[in-house]
Chemist: 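Handing you this structure, nothing more for now.
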Amino acid sequence: MSAALVLRDVRKTYANGVEALKGISLEVQAGDFFALLGPNGAGKSTTIGIISSLVNSSGGSVEVFGYDLDRERVLAKQRVGVVPQEFNFNQFEKVFDILIAQAGFYGIPAAKAAERAEHYLRKLGLWDKRESQSRMLSGGMKRRLMIARALVHEPDLLILDEPTAGVDIELRRSMWDFLIELNQQGKTIILTTHYLEEAESLCRRIAIIDRGQIVENTDMKSLLEKLDVETFVLDLAAPLGEAPSLKGLEVRLRDARTLEVAVPKTRPLNDLFVALGEKGISVLSMRNKSNRLEELFLRLVERNLPAGGGA
Amino acid sequence: MKVSFQWVAFHTIVAKEIRRFVRIWPQTLLPPAITMTLYFVIFGNLIGSRIGDMGGFDYMQFIVPGLVMMSVIQNSYGNVVSSFYSTKFQRSIEEMLVSPMSATTILLGYIAGGVARGLCVGVIVTLLSLFFTHLQVQHILVTVLVVLLTAVLFAIAGFINAIFANKFDDVAIIPTFVLTPLTYLGGVFYSIDLLPEFWRMVSLLNPVVYMVNVFRYGLLGVSDVNVVASLAAIVMFTGGLFFWALWLLKRGVGIRH
Ligand SMILES: Nc1ncnc2c1ncn2[C@@H]1O[C@H](COP(=O)(O)OP(=O)(O)OP(=O)(O)O)[C@@H](O)[C@H]1O
Ligand SMILES: [Mg+2]
């Protein structure tokens, strides 16, 4: 398999001195569905900004399908489509005109541009809005318009920076289906998201970035297997004054009637109930604390905190 | 192949720019028509009839070339500075930056857009002047060349202004404090030969003086300055500004972080 995207030691220090990227290296294979995860301010948008020529890098190199972004600019750029995190439309421009202009900037002649614009507007359920000014669209529609705009030159690599932020559940599902369809047609997709469920259900590979560094880069399955502890939330029958000590288990009293217990995967759950029984604590119901990936994510990011520091 | 794709991109910008100023014509095409008509009525007709000759022509004939030039300057500059600044402000400039379009194409596209508006207004003002005086053209080539160069030069200047602008105020500062004084003192309303020697010399430092005079030469056949040298200077100045703008754009000054 060939690489759709190769980042080599990409660095960025902003004019105000913020070191947003401390040397990022990453390889995304053609045809992959890749998640780039990280807490706020980790450097995800900066990375995408460098790939899409919106941010000047301070070092390193970017290659798209083997074309160097600096030396073979045109060939590299024709293959990338970007959906930015923030809306960046001309407020007064009409939906249809936005797509036509974007196609034009990629050198696509007018007739073909009109055909493509119609195709993608229909695909994203915006055809009825083609004559509306972009400022008249709802947030979810604007997101979809950004996706349509990023596809109008039919790039092989699609990069989406939080494509489903502020999008309702139903629409999010249909956007997922659409992205899966694009991926099945052979497009490489990279997305950032704060909805870990999204990454877990869509992406095959995942990289986690924290404070400008990649702290994990692996396939989703082996990452989830790494998760060695599972946290359960127990609703108690009677209130407790303080967290009971259960041998070898990490326990936290969330409130008087809710207990959180972290159980290593290697230990049978029975141990937990035996220990609870010994203390005379009865449990009414039990559930997983969070999505598995979320837990892993928090642990990875926590582990990465500088010694003694962090909140 | 590569040329034709940059050509499509260039064409896209120009079409977009023209559509923009035509759509908002009450802000772009109407005001200069009204202002210039007022100039023709007040300076040309009412006051002009008391002034008598200027440079060998009646005052109305004398100021028409200057007023046409003034409209071209203001409008090519104004179009680019406000349009390019607003794409920067709304971040829709990112649509261009992500594309494989070259910096040269972007710059040329905006210049062409500014020139289109400058010429459009120039033609409107010229047509309006026909209600007040008759038009004559002595040297058609010189006339066309100098109008075109002037429009290009001020379109580029507007582009540079937009690159450095960080807020809407910055878009108005240069036109108000630099452009307006330069044009009013640029020999639009008077022949600089009327000035005392010192002020005449100072006026010669004003590039607008050359543009207005060469244009007046094209129409009326008279000029306060050397026509060929002026044209050469305008070409050089335009070239200099072009490469400065291109360099700024390539570096991403005021555009990329
Ligand atoms: N234009 C800028 N000037 C200065 N610093 C910036 C700029 N843009 C981003 N930063 C800083 O760079 C760091 C990385 O920001 P970035 O936007 O890449 O994070 P992110 O991972 O996309 O976060 P989020 O999940 O909140 O979108 C942050 O510390 C941010 O404050
Ligand atoms: Mg971001």
Side-chain angles (χ1 to χ4, degrees), chain A residues 12-16 18 20 45-46 48-58 67 69 72-94 97-110 112-113 134-135 146 149-150 152-153 155 159, chain B residues 1-24 27-28 82-110 112-113 166 168 247-257:
Chain A
K12 176 64 189 178
T13 305
Y14 282 105
N16 60 3
V18 173
S45 297
T46 301
I48 293 175
I50 288 173
I51 300 167
S52 49
S53 319
L54 301 178
V55 174
N56 287 329
S57 77
S58 317
Y67 298 111
L69 189 59
E72 292 146 304
R73 227 180 113 259
V74 173
L75 291 170
K77 286 177 133 195
Q78 274 169 338
R79 281 163 182 77
V80 193
V82 183
V83 178
Q85 181 170 7
E86 280 163 53
F87 301 130
N88 59 352
F89 301 115
N90 177 332
Q91 305 247 4
F92 300 100
E93 209 173 1
K94 289 178 185 163
D97 295 345
I98 287 175
L99 292 210
I100 296 290
Q102 184 70 93
F105 296 157
Y106 280 90
I108 299 166
K112 188 155 205 177
S134 70
R135 68 197 168 108
M146 291 212 289
R149 187 182 59 185
V152 81
H153 63 289
I159 304 178
Chain B
M1 175 67 212
K2 214 182 137 191
V3 172
S4 79
F5 125 70
Q6 295 289 348
W7 172 253
V8 171
F10 168 79
H11 190 267
T12 305
I13 300 182
V14 181
K16 215 173 140 173
E17 286 301 291
I18 293 178
R19 233 181 300 122
R20 174 185 162 278
F21 76 70
V22 172
R23 178 168 47 85
I24 53 171
Q27 295 169 51
T28 51
S82 55
S83 174
F84 193 67
Y85 179 71
S86 104
T87 54
K88 223 175 88 166
F89 179 77
Q90 303 191 48
R91 303 181 59 169
S92 56
I93 190 174
E94 293 178 3
E95 294 173 344
M96 292 187 273
L97 298 181
V98 298
S99 81
M101 181 167 39
S102 68
T104 312
T105 305
I106 297 178
L107 180 56
L108 288 174
Y110 275 88
N166 287 318
F168 272 104
W247 182 81
L248 290 168
L249 186 58
K250 280 190 174 158
R251 286 278 305 264
V253 174
I255 293 168
R256 272 196 293 265
H257 294 290

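So that the names make sense, note that chain A is the first sequence line, chain B the second, and so on, each numbered from 1. What you see is a predicted model, and the numbers here were worked out from it, not measured in a lab.
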Chemist: Can you pull out the residues in residues 98-107 of chain B with any heavy atom less than 4.5 Å from chain A?
Modeler: B/V98, B/S99, B/P100, B/M101, B/S102
Chemist: Between B/L249 and B/F84, what is the shortest heavy-atom contact and its length?
Modeler: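 Result for this residue pair: CD1-CZ, 4.4 Å.
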Chemist: Is it true that a side-chain atom of A/S58 and a backbone atom of A/T13 form a donor plus acceptor pair closer than 3.5 Å?
Modeler: yes
Chemist: Enumerate the residue pairs fulfilling salt bridge (charged side-chain N to carboxylate O under 4.0 Å, His left out) with a member in residues 248-257 of chain B, sequence neighbours excluded, ordered by first and then second residue.
Modeler: none
Chemist: Does A/K12 make a cation-pi contact with A/Y14 (under 6.0 Å, within 45 degrees of the axis)?
Modeler: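 Because its charged atom sits under 6.0 Å from the ring centre and within 45° of the axis, A/K12 does stack over A/Y14.
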Chemist: Partners of B/E17 by side-chain hydrogen bond (donor to acceptor under 3.5 Å, both in side chains), sequence neighbours excluded?
Modeler: B/S83
Chemist: With a 4.5 angstrom heavy-atom cut-off, could you sort out which part of A/A101 is near chain B: side chain, backbone, both or neither?
Modeler: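 Looking at A/A101, backbone and side chain both touch chain B.
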Chemist: Mind checking the CD1-CD1 spacing from A/I159 to A/I51? Nearest 0.5 Å is all I need.
Modeler: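 Interatomic distance, A/I159 CD1 to A/I51 CD1, rounded to 0.5 Å: 4.0 Å.
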Chemist: Hey, which of A/V55, A/N56, A/I108 has the most heavy atom pairs under 4.5 Å with chain B?
Modeler: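 Sorted descending by pairs with chain B, the first entry is A/N56.
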Chemist: Show me the donor-acceptor pairs within less than 3.5 Å that the side chains of residues 83-91 of chain A make with the rest of the protein, sequence neighbours left out.
Modeler:
unit_1: A/Q85; atom_1: OE1; unit_2: A/S45; atom_2: OG; d: 2.6
unit_1: A/Q85; atom_1: NE2; unit_2: A/E162; atom_2: OE2; d: 3.3
unit_1: A/E86; atom_1: OE1; unit_2: B/R91; atom_2: NH1; d: 3.0
unit_1: A/N88; atom_1: OD1; unit_2: A/R149; atom_2: NH1; d: 3.2
unit_1: A/N88; atom_1: OD1; unit_2: A/R149; atom_2: NH2; d: 2.5
unit_1: A/N88; atom_1: ND2; unit_2: B/E94; atom_2: OE1; d: 2.7
unit_1: A/N90; atom_1: OD1; unit_2: A/F92; atom_2: N; d: 3.0

